[in-house]
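Note sheet for the following structure.
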Amino acid sequence: MSSDHVQSAERSATGAGPGAETPFLELLARGASVDAYEQPVLLARAEGQPAERIAALERAKLLALRVRAELEGRRRREAELSALFETAHDLAGLRDLDAVLRAIVQRARSLLGTDVAYLSLNDPVRGDTYMRVTEGSVSARFQQLRLGMGEGLGGLVAQTARPYVTEDYFRDDRFQHTLAIDAGVRDEGLVAILGVPLMLGHHVIGVLFAADRRARVFEREQIALLGSFAALAAAAIDTANLLTETRSALAGLERANEIIRDRSAVIERASDVHDRLAELVLRGGGVHDVAAAVSHVLGGAVEFTEAPAAPPDALEASRAEGHAVRHQDDWIAAVTAGGELLGALVLRGHPGLDPVDQRTLERAAMVTSLLLLARRSAAEAEQRVRGELLDDLLDARDRDPRLLRDRAARLHADLDATHVVLAARLEGAAADADQEADARRRLWAAASHLAATRHGLAAARDGGTVLLLPLPPGDTATDVARRTARQLGTAVHEPVTVGASAPVEHLAHRPEPVATAYAEARRCLDALRLLGRCGDGAAAEDFGFLGLLLAGDRDITGFVDRTIGPVVAYDARRGTELLRTLDAYFACGMSPARTKDRLHVHVNTVAQRLERVGRLLGDDWQSPSRALEIQLALRLHRLSGSAQR
């Protein structure tokens, strides 16, 4: 945990009261579930402890939950990043150039999941580029291709030092087709091709390709990822070439030992940087951890800054040149991925920087870009997976309970728990279609984040967002709806209206109720908007007798219990006739005088019974809306009694 988080935790714990944090520290130590954090507060309330003590426990609970979420997030990032940077770790251990090139091509094919991957290197003597390594290729003609500068897609990449992608090679006229190249590509059966340059500084040393034997659209993130991988590959080639040159010098030059001694400290420092960064990545570190590690190696203060906070001219020069550049007494290294500017590493107050240290800063910027891309890709991938599982539940496509449970468990969701389905929609007016689409994306992103933190699911649907959230013990569907509306509205800075279904259970065995519950949630959402309660959250139970029309299961018993349940219970317990008095009172036009005649009792008896009803149902029980609901509940109660007889 960062020092800022620790200081914040200490300040919050100080305000939590003596001993309030102890039970939550024990829960953190044993890795308890989220539900367990409610127990100390519930126990304190049950024991009748003072309100100050309970409030202190509430604050300590919130702090502990934040610490728990932070720890879980760090563990999750460690697992995600270790898989992506296994490639970088493997490359760091390679010393043979051919082995380096084979590893580059194999991992490029694996990263993008393509049929074929291959790498070409430039031949400065002949002025062309030739095929050096292929993976997944079956055509001998294709494996022996040579491309002139500007010929074919690869030749164009090598000539312009820019990535190119084509969905259908033979229908693309942006590059020069030749008979030899087209014949080789046709023999291999390639259709969609992506090529990115291997750069050392601003020199192209080759091209890294990923290709499919069918039409395919390469996404922007895939292009950026292959571009970043190509940058790492170029650095690995550079290192392998450097070692090859060193071995050649050892065999041919008498002063090789002196050269090695002179460069040993440099190589050791570079190796130390690589080891530090590899260990940091595998440990699940972040961009600020990279900056701290490089600060220690360079003996200066290195920090990561967002692009707007860096000097614009120096930042643009670093991005264009691919090197760290000096700005007054500082050095600026742009953090980029596939042409996208993500920020900068800034070395403060260190005007004298030798080329090796400059390269160290540049490689740290490259690792930082990979970390940022990995974090973005992991978050987007998890959001998509959560949405796909919820879509399958809504459409009842996957009926195997074991598979549903396994998919949910990988997302830390429990389909055997009781859930609530919520329909959410933004209420702000959009100026045009682009703004409306952007607003929907922001709502979906906020809902996905909320679902991830609450062990639920979220998906975009019907112009809004649908969520499936677990129902916490002691909460109602209304509580969940209102809390969700408030949290989403805060996240997107616009009012968000949320309709909730009644609780649903056993979703792994019976996914069909999810679709029914979603329809009920949408009806509640529409009712809220028609009633002018935009930005609020509610369930069918909040709408009185209207809730009978909104609810998917027509919970008549629940409506009767909520409306006149206290009177029914009182009559059953005391043997009184409050229900009969209410029936007569409404039948006589709410006239106590006519009611006493119908019941054959004194008017004071009627008054006393009605007073008791008021204490049981509330002072507003005779208001028009309440009176209507009570009369409907009385009739439904009579009908249910007749049906039972």
Side-chain angles (χ1 to χ4, degrees), residues 87 90-91 94-200 204-218 222-223 226-227 229-230 232-234 236-238 240-241 244:
T87 299
D90 290 347
L91 289 177
L94 296 173
R95 292 295 180 266
D96 177 71
L97 179 59
D98 288 335
V100 170
L101 297 181
R102 284 194 298 272
I104 290 169
V105 174
Q106 289 168 359
R107 285 169 173 78
R109 183 187 180 196
S110 175
L111 277 173
L112 271 73
T114 54
D115 298 326
V116 182
Y118 48 103
L119 183 148
S120 67
L121 293 179
N122 290 359
D123 187 341
V125 176
R126 296 182 54 171
D128 64 0
T129 182
Y130 63 98
M131 205 75 71
R132 178 65 182 268
V133 180
T134 64
E135 177 70 13
S137 172
V138 296
S139 167
R141 178 187 296 183
F142 180 78
Q143 296 166 11
Q144 297 170 6
L145 277 178
R146 298 187 73 96
L147 292 77
M149 290 300 178
E151 294 180 355
L153 184 144
L156 188 58
V157 173
Q159 182 183 54
T160 63
R162 293 174 54 193
Y164 275 86
V165 61
T166 179
E167 299 175 20
D168 191 334
Y169 177 86
F170 291 102
R171 295 184 179 181
D172 199 330
D173 58 1
R174 291 177 299 163
F175 41 83
Q176 180 182 348
H177 290 265
T178 67
L179 291 176
I181 296 173
D182 285 0
V185 173
R186 188 174 286 106
D187 279 1
E188 191 61 52
L190 301 183
V191 178
I193 304 176
L194 165 63
V196 296
L198 301 180
M199 304 285 295
L200 284 181
V204 180
I205 63 170
V207 181
L208 181 61
F209 300 87
D212 262 345
R213 295 188 175 95
R214 63 188 184 282
R216 168 178 175 173
V217 176
F218 287 96
Q222 294 175 316
I223 298 173
L226 190 63
F229 188 80
L232 182 61
I237 292 174
D238 184 38
N241 286 335
T244 300

| request: Taking N122 for its side chain and P124 for its backbone only, find out whether a donor-acceptor pair lies under 3.5 Å. | output: no

| Heavy-atom closest pair, residues V105 and T134 | CG1-C, 4.1 Å

| query | Between L153 and V185, does a side-chain contact (heavy atoms from CB on, under 4.5 Å) hold up when you go through it step by step? | reply | CA-CA 11 Å; L153 184 144; V185 173; over 6 Å; no

| note | Distance col, row I193:CD1 vs D172:CG, nearest 0.5 angstrom, shows 9.5 Å

| Should V204 and Q159 count as side-chain neighbours, where that means a heavy-atom distance under 4.5 Å? | no

| If you look only at pairs with a residue in residues 177-197, which of them pass as a ring pair (Phe, Tyr, Trp, His ring centres under 6.0 Å), with sequence neighbours excluded? | Y169-H177, F175-H177

| request: Provide the closest heavy-atom pair for I223 versus P163 in the form atom of the first, atom of the second, distance. | output: CG2-CB, 4.5 Å

| note | Taken to the nearest 0.5 Å, the spacing of R146 CZ from M131 CE works out to 11.0 Å

| request: First locate atom CG of L145, then atom OG of S139, and finally report the distance between them rounded to the nearest 0.5 Å. | output: 7.5 Å

| task | Please collect all ring pair (Phe, Tyr, Trp, His ring centres under 6.0 Å) contacts where either partner lies in residues 113-132, sequence neighbours excluded, each pair once. | result | Y118-F142, Y118-F209

| query | Does CZ in R174 sit with more than 12 non-hydrogen atoms of other residues, nucleotides or ligands closer than 6.0 Å? | reply | yes

| query | Could you give the distance from CZ (R186) to CG (L179), rounded to the nearest 0.5 Å? | reply | 9.0 Å

| request: Of all the heavy-atom pairs spanning V157 and G195, show the shortest one and how long it is. | output: CG2-O, 3.8 Å

| Sidechain-backbone polar pair: E135 side chain, V116 backbone, donor-acceptor under 3.5 Å | no

| note | CZ (R162) and CE (M199) are apart, to the nearest 0.5 Å, by 12.0 Å

| said: Check this for me, if you would: do R141 and E188 make a salt bridge, where the nitrogen-to-carboxylate-oxygen distance has to be below 4.0 angstrom? | reply: no

| OG1 of T129 to CG of L119: how many Å apart, nearest 0.5 Å? | 8.5 Å

| note | Nearest heavy-atom contact between R216 and T114 is NH1-CG2, 3.3 Å

| note | Heavy-atom closest pair (A230 atom, P197 atom, distance to 0.1 Å) is CB-O, 3.7 Å

| field | Close side-chain approach of L101 and L121, heavy atoms under 4.5 Å | value | yes

| said: Main chain of Q106, side chain of S110: is a donor-acceptor contact present, judged purely on distance under 3.5 Å? | reply: no

| Would Q143 and S137 count as having a side-chain donor-acceptor pair, cut-off 3.5 Å? | yes

| query | Between D128 and G148, what is the shortest heavy-atom contact and its length? | reply | CB-CA, 3.9 Å

| task | Using atom types as modelled and distance alone, determine if a side-chain donor or acceptor of D212 lies under 3.5 Å from a backbone N or O of D115. | result | yes

| message | Does R213, at its CZ atom, have more than 12 non-hydrogen atoms belonging to other residues, nucleotides or ligands within less than 6.0 Å? | response | yes

